Amino acid sequence: MTAATQPMDAPVHVDPRARTEILIAILLAMFLSALDQTIVGTALPTIMTQLHGNNLYTWVVTIYLLTATISGPIYGKLSDQFGRRPMVMIGVSLFLVGSALSGLSQEAWQLIAARGLQGLGAGAIFPIALAVIGDLFTPAERGKYQGLFGAVFGISALIGPALGGFLTDNVGWHWIFFVNLPIGAVALVIIWRLLPAIKHPERARSIDYLGSAVFTAALVPILIGLTNKQTMDWTNPEVGGLILLGLVLSAVFVWVESRAKEPILPLSLFRNRSITVSLIAVFLAGFGFFGAIIFVPRWFQVVLGSSATESGYQILPLLAGLIVSSVISGQVISRTGRYRWIIIGSMAFLSVGLFLMTGLRGTTSLPQMWLWMVITGIGIGPTLAAFTIVVQNAAPFAQLGAATGALTFFRQVGGTVGLAIAGTLFGSALVTEIPQQMAKAGVPTELTKQFAGSGAAANLGGVGGLAEVLGKVPEQFRAMVTAAVHEAFSLAIASGLWVSVAAAVVALVVTAIGLPELPLRAHHGPARAGAQADDGSEPTPVAALD
């Protein structure tokens, strides 16, 4: 290949057609993993009923979250040491095997085990897919393509609910997993044929077994504790106790990594200001992203009486803002080479959009809600592309996978922590607001006490929950109770979103003060661009191809 056909001086040079095919295959793999999270949610009530496993319902989601979150940084580091191709192929293969086993499950415990295997595969797909873009394109070019990954998230959220409902109702729930197999197989073949293997001859190939074990031991109790927070108090040992244990083990993990020869999470990355600020910002932005995606559909379900599938489509304005801003921001960064003000602007939009949503009421109009969602989506979109560009531009090439894995990890954990806090605020506000709003609506005191004492508020979060509650209310008071519950539920969601507002504002301040504007490199590595990293460290030697 001549130099003229090469994309400036990307880390890995491949034929332009092969680059396009690899990009499509990587996008397909990411689409499958993202789609799996939305398609399963729609079908899960039917699945667990047929498998007689409603008592294990949350574990189908929790086990996937655990294995995907924990394995992501480990895969990222291993891809730096042993190459992207073997790691992403392992990830896609595990995801497909897990999909097949999920579809073949005959009992709830089998489905949970298979979902855990799926999560192990998904943990590789997200960070390594982003790292592959870092391999094939220079930092100056990556914006054109990183924005597509934000679009993948949005499209999967649009397609998932309808496809999950259609397959479950007309073909069988098993096919929501089997549908992954042919598409994943195509992606796997393309990656195997075309993605180059990369060697780091100067790097040790040792695996940080101790660090991986302590990392896993620290995260498992934290994530389980945060998941348990949805139904328990912070003071419960299964919540606060597990989180405290995880934090202690996290400190041990930092000590272990400071002495490891090839740590899975190189602590040197945190000496780089661009990377540190980006990790803090995506952690905080995750509060807003997950909060909006989880709480807004619940408002549609309870207040407007929408089905789960319908509520998935009613967040279309948020997804439209997310997709468009993700793609456009990536293009602008690629063309101008500047990202700082785009990121600051996106944090400002996110803060404003979430703040407007705290004005949610039972009488909020749909056009007003659509506007708020569009503004919030515009704020979320650039965070999915821009921070990846910043981190990959600042990280040494030999640590590209580890840095990208850390970014994915901080975003996921930020969302999980944010949901736990927001869920607490939501639950407390709902219990307080229901009797207050009933009193304002003129509901008799005796009925209000009976309603509050029956624990009916706990049944409002699901589809049809309000109808079930109203069935126990005398007919002459149903209109008043309905209006009161709509208002109380809206105010509770608004209360839960305040933590997202606070996190978004802090992220705005952190990026405005701490994020430097480094030139996007048009060549491979600092050594070829004639620049140093922003922490003053020396460039990393160039990787080699097989």
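It should be emphasised that the depicted structure is a prediction, and the values quoted were computed from it without experimental measurement.
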**Q** Ignoring hydrogens and geometry, is there a side-chain-to-backbone donor-acceptor pair from Thr69 to Leu66 under 3.5 Å?
**A**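 No, the answer is negative, given that no donor and acceptor are paired below the 3.5 Å cut-off.
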**Q** To the closest 0.5 Å, what do you measure between OG (Ser500) and CG (Leu284)?
**A**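 Going from OG on Ser500 over to CG on Leu284, the span is 10.5 Å.
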**Q** With side chains defined as the heavy atoms from C-beta onward, is the minimum distance between Val417 and Phe287 less than 4.5 Å?
**A** yes
**Q** Determine whether Ser274 and Asn393 satisfy the following criterion, side chain to side chain contact (heavy atoms under 4.5 Å, CB included), listing intermediate values before the conclusion.
**A** CA-CA 9 Å; Ser274 291; Asn393 183 59; over 6 Å; no
**Q** Side chains of Thr376 and Leu350: does their closest heavy-atom pair fall under 4.5 Å?
**A** yes
**Q** Closest heavy-atom contact between Ala187 and Leu28?
**A** CB-CB, 4.3 Å
**Q** With distance as the sole test, does Thr404 use its side chain to make a donor-acceptor pair with the main-chain N or O of Gly401 at under 3.5 Å?
**A**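 No; judged by distance alone, with no hydrogens or angles, the pair does not exist.
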**Q** Under the side-chain hydrogen bond (donor to acceptor under 3.5 Å, both in side chains) definition, can you give me all pairs with a residue in residues 87-104, not counting sequence neighbours?
**A** Ser99-Gln118, Ser99-Asn180
**Q** Where the side chain of Thr276 meets the backbone of Arg273, is there a donor-acceptor pair that is under 3.5 Å apart?
**A** no
**Q** For the CD atom of Glu257 and the CG atom of Leu210, what is their distance to the nearest 0.5 Å?
**A**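 These two atoms lie 8.0 Å from each other.
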**Q** Atom CD1 in Ile389, atom OG in Ser329: separation rounded to 0.5 Å?
**A** 7.0 Å
**Q** Check whether any side-chain heavy atom of Val282 sits under 4.5 Å from a side-chain heavy atom of Val391, and report yes or no.
**A**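 A side-chain contact is absent here, since even the closest heavy-atom pair is not under 4.5 Å.
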**Q** Do side-chain atoms of Ser334 reach the backbone of Gln331 as a donor and acceptor pair under 3.5 angstrom?
**A**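 Looks like no, no N/O pair under 3.5 Å.
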**Q** In the structure I gave you, are the side-chain heavy atoms of Leu407 and Leu279 within less than 4.5 Å of one another anywhere?
**A**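 Side-chain contact under 4.5 Å: yes.
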**Q** So Phe95 and Leu188, side chain to side chain contact (heavy atoms under 4.5 Å, CB included) or not? Walk me through it.
**A** CA-CA 11 Å; Phe95 183 82; Leu188 194 62; over 6 Å; no
**Q** Assess whether side chain to side chain contact (heavy atoms under 4.5 Å, CB included) is satisfied between Leu515 and Tyr339, documenting all intermediate values.
**A** CA-CA 10 Å; Leu515 186 65; Tyr339 53 79; 4.2 Å; yes
**Q** Restricting to non-hydrogen atoms, name the atom on Ile264 and the atom on Ser212 that form the minimum distance, rounded to 0.1 Å.
**A** CG2-OG, 3.5 Å
**Q** Do Val510 and Met347 have side chains that approach each other closer than 4.5 Å (heavy atoms only, starting at C-beta)?
**A**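 Sidechains of Met347 and Val510: no contact.
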**Q** Which heavy atom of Ile176 sits nearest to which heavy atom of Ile39, and what is that distance?
**A** CB-CD1, 4.0 Å
**Q** So which heavy atom on Ala394 is nearest to which on Ile275, and how close?
**A**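 Taking every non-hydrogen atom into account, CB-CG1, 4.0 Å.
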**Q** I need the minimum non-hydrogen distance between Ala29 and Val92, along with the two atoms involved.
**A**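 Scanning both residues, the minimum pair turns out to be CB-CG2, 4.2 Å.
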**Q** Within this structure, what is the CG-CD1 distance for the pair Leu130 and Ile125, rounded to the nearest 0.5 Å?
**A**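 Leu130 atom CG to Ile125 atom CD1 measures 11.5 Å (nearest 0.5 Å).
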**Q** Using atom types as modelled and distance alone, determine if a side-chain donor or acceptor of Tyr75 lies under 3.5 Å from a backbone N or O of Val88.
**A** no
**Q** Side-chain contact test, heavy atoms from C-beta onward, threshold under 4.5 Å: evaluate it for Phe409 versus Phe215 and give yes or no.
**A**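 Of all side-chain heavy-atom pairs linking Phe215 with Phe409, at least one is under 4.5 Å.
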**Q** Should Phe31 and Ile183 be marked as a side chain to side chain contact (heavy atoms under 4.5 Å, CB included) after you check the CA-CA gap, both sets of side-chain angles, and the distance that decides it?
**A** CA-CA 10 Å; Phe31 174 73; Ile183 303 175; 5.5 Å; no
**Q** Report yes or no: does Ser258 contribute a side-chain atom to a donor-acceptor pair with the main-chain N or O of Trp255 at less than 3.5 Å?
**A**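 The answer is yes, because a donor-acceptor pair under 3.5 Å joins these two groups.
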**Q** Just by modelled atom types, is the Leu104 backbone N or O under 3.5 Å from a matching donor or acceptor in the Gln106 side chain?
**A**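 Checked: pair present.
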**Q** Considering all heavy atoms of both residues, which atom of Ile222 and which atom of Ser250 are nearest to each other, and what is their separation?
**A** CD1-OG, 3.8 Å
**Q** So do the side chains of Phe177 and Ile47 get within less than 4.5 Å of each other, counting heavy atoms only?
**A**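 The answer is yes, as the side chains (C-beta and beyond) meet within the 4.5 Å cut-off.
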**Q** Just wondering, do Ile90 and Met87 contact through their side chains at under 4.5 Å, heavy atoms?
**A**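 The answer is yes, as the side chains (C-beta and beyond) meet within the 4.5 Å cut-off.
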**Q** Roughly how far apart are Gln399 CD and Gln392 CD, rounded to 0.5 Å?
**A** 13.0 Å
**Q** Mind telling me whether Phe178 and His174 have parallel, tilted or perpendicular rings, with 30° and 60° as the class edges?
**A**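 Judged by the thresholds at 30° and 60°, the geometry between His174 and Phe178 is parallel.
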**Q** Report the distance from atom CD1 of Ile323 to atom CD1 of Ile378, rounding to the nearest 0.5 Å.
**A** 12.5 Å
